[in-house]
Structures are given as structure tokens and as C-alpha cells.
Amino acid sequence: MDPQAFVVATFAAHVGFAIFVTAHASLTDRDAGPWPFVTLAFGLAGIAAYFFYDETSDSDAH
């Protein structure tokens, strides 16, 4: 694959993922927080963090 095509495809995927995270948060009345920006920068890792990171898991347990 041409390096320029790879960069364009990666950029397009990250933008699409960030739009998905933003839309999901809006549709589910969930606070998107920083996750659209994290997803824009890191792609699938940002999506995983958005869905699996729970701020209240440790702080409310005590």
C-alpha cells in the first residue's frame, strides 16, 4: 500500500470512529467527555476506552 494512501485511510477511519463515539454518546445521553478527541488521536484504543473505562468503579466502591 502506498504510504500516502495509508495515512489518508487511517485519518478517515479515525475521524469516522470519533464521529461514532460522539453520536453514540448523544443518542444514549452519555457524557462523551474527552473520548472523541482520544479516539481521533488513537483510533480503536479510544473506542475501547470510551466503552470500558468507568470513572465511578473505584471511587464509589468505598
Side-chain angles (χ1 to χ4, degrees):
M1 176 181 256
D2 177 32
Q4 185 177 7
F6 175 77
V7 170
V8 170
T10 301
F11 177 75
H14 286 214
V15 168
F17 294 154
I19 290 170
F20 170 78
V21 168
T22 303
H24 182 272
S26 177
L27 291 172
T28 59
D29 292 327
R30 181 176 176 176
D31 180 26
W35 300 118
F37 300 110
V38 173
T39 303
L40 188 61
F42 299 108
L44 289 174
I47 291 176
Y50 169 74
F51 281 110
F52 298 114
Y53 179 74
D54 184 9
E55 294 177 337
T56 61
S57 62
D58 291 332
S59 62
D60 288 344
H62 297 268

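Note that this is a predicted model, so its numbers are computed, not measured. The basis for the numbers below is simple: all heavy atoms, side chains too, and nothing from hydrogens, waters or symmetry mates.
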Test of understanding: clusters of I, L, V, M, F, W, Y form through side-chain heavy atoms closer than 4.5 Å, transitively. Do Trp35 and Leu27 belong to the same one? no
same_hphob_cluster(Phe17, Phe37) at 4.5 Å side-chain heavy-atom cutoff: no
Minimum heavy-atom distance Pro36-Ala18, with the two atoms named: O-CB, 3.5 Å
Who are the ring-ring contact (aromatic ring centres under 6.0 Å, His included) partners of Phe20, not counting sequence neighbours? none
Could you list the cluster mates of Phe11? Members are the ILVMFWY residues connected by side-chain heavy atoms closer than 4.5 Å, either directly or through other members. Val15, Ile19, Leu40
Side chain to side chain contact (heavy atoms under 4.5 Å, CB included) filter on Ala12, not counting sequence neighbours, yields none
For Val8, side chain to side chain contact (heavy atoms under 4.5 Å, CB included) partners two or more places apart: none
So the side chain to side chain donor-acceptor pair (under 3.5 Å) pairs with at least one residue in residues 15-29 (sequence neighbours excluded) are His24-Tyr50
Note: His14 and Phe42 closest approach over all heavy atoms is CE1-C, 3.7 Å
